[in-house]
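We count residues from 1, following the sequence as given. The figures that follow rest on heavy atoms only: side chains count, while hydrogens, waters and symmetry mates do not.
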Amino acid sequence: MQSPVISAQHAFGELETYRTELTAYCYRMLASPFDAEDAVQDTFVRAWRNREQFAGRSAMRSWLYRIATNVCLDMLKGKERRARPMDLGPSCEPIEANLNIPTEISWLEPVPLHLVAPSPSLSGRSRRCGRRSRRGPRW
């Protein structure tokens, strides 16, 4: 009996159907549509590189979600390690003009709807999967 691997159908066609829900998932974790797109692309690259390790014990969707979670966590940890501009120079007194604090906290970037919402051309099953993905994975 052969161990299951990602077939040519999974490699290109079927994996692409998960892009929308994975983008929404990564967007919720990273709060940036640009970082979410990068994370999904990295998820697909990691899935392709490790396609021989996919043993078929779980669904392809849950395997991709696990990879996407690890990618997002790696990206969040990477931001902590990155040198910030204040870390690069000597310390000095703050400039008063730079101390203005915005009245509203805006940390979440808006995301284009086509990146996270299923398209109307998808089948009923795909739309159901898209709706389920907005609630997030069941842990």
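- Listed by first then second residue, pairs satisfying salt bridge (charged side-chain N to carboxylate O under 4.0 Å, His left out) with a partner in residues 32-45 read D35-K79, D42-R46, not counting sequence neighbours.
- Residues F54 and N50 form no side-chain contact, since every pair of their non-hydrogen atoms from C-beta on lies 4.5 Å or further apart.
- Residues forming a side-chain contact (heavy atoms from CB on, under 4.5 Å) with A68 (at least two apart in sequence, or on another chain): L22, Y25, C26, T43.
- Between R51 and W63 the shortest heavy-atom distance is CA-CH2, 4.3 Å.
- Between L30 and A39, the shortest heavy-atom contact is CD1-CB, 3.9 Å.
- Between F44 atom CZ and L64 atom CG the span is 6.0 Å, to the nearest 0.5 Å.
- Here the CZ atom belonging to R28 is positioned 10.5 Å from the OG1 atom belonging to T23, to the nearest 0.5 angstrom.
- Residues V45 and L15 fall into different hydrophobic clusters, defined by Ile, Leu, Val, Met, Phe, Trp and Tyr side chains chained together at heavy-atom separations under 4.5 Å.
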